[in-house]
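What follows is one structure encoded as structure tokens, with my remarks underneath.
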Amino acid sequence: MATLTHQESVTAEYLQVSPNARKRFITIIVAGVILLVIGLLLAAFHVGEAAHEGAAAHGAVAGHEGAAHHGSPIWIKRLLVSLWHNNVFFTGVSVIGTVFMAIQYVAYAGWSVLIKRINEAMSAWVLPGGVLLVLIFGISLINNDIFHWTLPGIMTKGNPNYDHIIAGKAGFLSVPFYLIRTISYITIWVVFTNKLRALSLAEDLNGGTEYFHKSITASALFLVLFAVTSSMSAWDWVMSIDTHWFSTMFGWYVFASWWVSGIAATTLCVIILKQMGYLSFVQAGHLHDLGKFMFGFSIFWTYVWFSQFMLIWYANLPEESVYFNQRLGGFNGQYTWLFFFNLLINFAFPFLVMMTRDAKRQMIMLKIVSIAILIGHWFDFYLMIMPATMQANNGFVIEFGVALVFLGSFLLLLTKRLSQASLVPLHHPFLDESIHHTT
């Protein structure tokens, strides 16, 4: 068993979550609820006004169109779709905390030891996020508001709703099988998240290298399982919304968006804690490495984005190009500006700002880029989900309101878990290496 010499010079740091901090998080939630209510009222009023004008102008024709409408009223559908969008985003960011920590273990990385408790805390949303995924999916089945393939009779030949393309995917796209897969993904993620957290806390308590080696074994197994479940969850939770469309690169694309968002969230937490006086041993070298991760994986996300777009554009097959046609010029161009904004904020901005070494070592620059990346990839998921569900009936007031509710809830869980253990893992075998890390 290794002899640990750093315990005498390093002391535990415990986050004290002040009542004012909790009030701020609750204020974010309340602000989100208020914005959500305003958005719902505006959406309901707009729909009601449009229906009234349509009835006055077209009479019976408008009545016929209204009868042909499928799904919930627009304002309810927007709420459900926004709940799905935000929960998929936050659940992905949360599980990246476990993924990042697992990669550090199997790589025998020492530099990241001082920030591993942030990764552990980020993963607190995985379980509630998984529960919400199942609940929202169940509610969406009532009027088939999110997934077109759940429409009754869509896979039954002779039914008015029959779609032979979707029927060809019946073996995969069935409600029971979908729920089994979703519950399996979340169960795997939660089990390994809790396992790594328990080993980390036991290491704090008892010391030694036994828990470190057990963490490496658990991390290796988790990464193999995550490689499969992350791609499949992307197919299920996002790609199956565009039921006719498919892309062999989509699993990588969603993972890249989750991954760079998770790194940005980690970096932002490190900077905020550092500015509050915690993480005293975190130095410019650690920030530099986090900055390199953000810089590099922003380029990686762009590489996957371009590879997917270029191949589909070049082949020009209708069953593939429809996805980009909707987002570039479809629905009266409502998503066109967002399509280009997506590239600007998620690639051009972090690439240009983070190009120099000094920028990767300055907290203010890292803070700005981290926030930009998180906002940008929230919009990235918006662009993945909204065109196929809401078409031209999209908006932002409801969506921003739901996002604030999720953000406040996420921060409450994050800070609660952060406060439950020392921010410095005192008995980690590589703690000395992390403390003396320079780049």
Side-chain angles (χ1 to χ4, degrees), residues 69-72 76-92 94-95 98 123 125-194 221-222 224-248 250-255 258 319 323 381 384-390 406:
H69 172 72
H70 292 290
S72 302
I76 294 179
K77 186 172 182 177
R78 271 183 63 188
L79 174 60
L80 282 174
V81 172
S82 184
L83 286 169
W84 187 262
H85 159 220
N86 280 280
N87 196 43
V88 168
F89 175 73
F90 278 94
T91 302
S94 182
V95 76
T98 303
S123 302
W125 187 263
V126 175
L127 179 57
V131 173
L132 282 174
L133 281 168
V134 175
L135 290 177
I136 297 167
F137 178 76
I139 295 171
S140 74
L141 292 177
I142 298 173
N143 286 309
N144 315 108
D145 288 319
I146 300 176
F147 298 94
H148 183 60
W149 57 267
T150 62
L151 194 66
I154 200 165
M155 301 181 189
T156 306
K157 190 173 290 187
N159 191 288
N161 294 328
Y162 178 71
D163 186 314
H164 74 281
I165 294 177
I166 297 177
K169 305 178 182 183
F172 190 79
L173 295 179
S174 70
V175 171
F177 190 29
Y178 181 95
L179 286 171
I180 289 170
R181 292 196 303 272
T182 293
I183 293 171
S184 298
Y185 309 149
I186 296 300
T187 300
I188 291 169
W189 297 356
V190 168
V191 166
F192 281 94
T193 293
N194 291 343
L221 180 56
F222 170 68
V224 172
L225 294 173
F226 184 78
V228 177
T229 55
S230 63
S231 287
M232 294 186 68
S233 64
W235 304 340
D236 284 341
W237 301 344
V238 186
M239 191 167 71
S240 71
I241 293 173
D242 285 275
T243 318
H244 284 188
W245 180 74
F246 59 92
S247 168
T248 55
F250 197 75
W252 277 107
Y253 180 77
V254 171
F255 167 73
W258 276 341
E319 63 269 26
Y323 181 87
F381 276 90
M384 291 185 219
I385 293 172
M386 285 294 167
T389 51
M390 298 310 306
F406 272 81

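Proximity of a side-chain donor or acceptor of Asn144 to a complementary backbone N or O of Thr150 within less than 3.5 Å is detected. Listed for the Lys169 side chain is no donor-acceptor partner under 3.5 Å among the backbone atoms of Ser240. Within the 3.5 Å criterion, the main-chain N or O of Met386 finds a donor-acceptor partner in the side chain of Thr389. The closest donor-acceptor contact from the side chain of Thr98 to the backbone of Thr193 lies at 3.5 Å or more, if one exists at all. Side-chain N or O atoms of Asn161 include one that pairs as donor or acceptor with a backbone N or O of Pro152 at under 3.5 Å. Distance alone, capped at 3.5 Å, places no donor-acceptor pair between the Asn159 side chain and the Ile154 backbone.
Between Leu132 and Phe406, the closest heavy-atom pair is CD1-CE2, 4.0 Å. In terms of heavy atoms, Gly251 sits closest to Ala234 at CA-CB, 4.0 Å. What you find for Ser231 and Ala227 is that their closest heavy atoms are OG-O, 3.7 Å. Here the closest non-hydrogen pair linking Ser72 and Asp145 is OG-OD2, 2.6 Å.
Between the NZ atom in Lys77 and the CD1 atom in Ile146 there is a gap of 9.0 Å [rounded to 0.5 Å]. The OG atom of Ser123 lies 13.5 Å from the CZ atom of Phe192; values are rounded to the nearest 0.5 Å. With values rounded to the nearest 0.5 angstrom, Asn87 atom CG is found 14.0 Å from Phe137 atom CZ. Atom CE of residue Met384 and atom CE of residue Met239 lie 12.0 Å apart, to the nearest 0.5 angstrom. Atom CD1 of Ile76 is separated from atom CD1 of Ile139 by 11.0 Å, given to the nearest 0.5 angstrom. With rounding to the nearest 0.5 angstrom, the CZ atom of Phe89 is 11.0 Å from the CD1 atom of Ile385.
For CH2 of Trp149, the number of neighbouring non-hydrogen atoms (other residues, nucleotides, ligands) closer than 6.0 Å is greater than 12.
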* To do: Let me see the working for Phe222 and Val191 under side-chain contact (heavy atoms from CB on, under 4.5 Å), right down to the final yes or no.
  => CA-CA 9 Å; Phe222 170 68; Val191 166; over 6 Å; no
(Q) Run Asn194 and Leu127 through side-chain contact (heavy atoms from CB on, under 4.5 Å) and show every step you take. (A) CA-CA 10 Å; Asn194 291 343; Leu127 179 57; 6.0 Å; no
Candidate pair Phe381 and Val254, rule side-chain contact (heavy atoms from CB on, under 4.5 Å), full reasoning | CA-CA 8 Å; Phe381 276 90; Val254 171; 3.9 Å; yes
Please determine whether side-chain contact (heavy atoms from CB on, under 4.5 Å) holds for the pair His244 and Asp163, giving the CA-CA distance in whole Å, both sets of side-chain angles, and the decisive distance to 0.1 Å.
CA-CA 10 Å; His244 284 188; Asp163 186 314; 2.6 Å; yes
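Residues Leu173 and Met155 have side chains in contact (heavy-atom distance under 4.5 Å, counting atoms from C-beta outward).
Under the side chain to side chain contact (heavy atoms under 4.5 Å, CB included) criterion, Asp242 pairs with Trp245, Tyr323, Gln326, Arg327, Ala388, not counting sequence neighbours. Take Ser230 and apply the side chain to side chain contact (heavy atoms under 4.5 Å, CB included) test, not counting sequence neighbours, and it matches Phe226.
If you check the side chains of Ser140 and Trp84, you find no donor sitting under 3.5 Å from an acceptor.
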List the atom pairs, donor and acceptor, that lie under 3.5 Å between side-chain atoms in residues 179-188 and the rest of the protein, sequence neighbours left out.
unit_1	atom_1	unit_2	atom_2	d
Arg181	NE	Asp236	OD1	3.3
Arg181	NE	Asp236	OD2	2.7
Arg181	NH1	Phe172	O	2.9
Arg181	NH2	Phe172	O	3.3
Arg181	NH2	Asp236	OD1	2.8
Thr182	OG1	Tyr178	O	3.2
Thr182	OG1	Trp237	NE1	3.2
Ser184	OG	Ile180	O	2.7
Tyr185	OH	Asp236	OD2	2.7
Thr187	OG1	Ile183	O	2.6

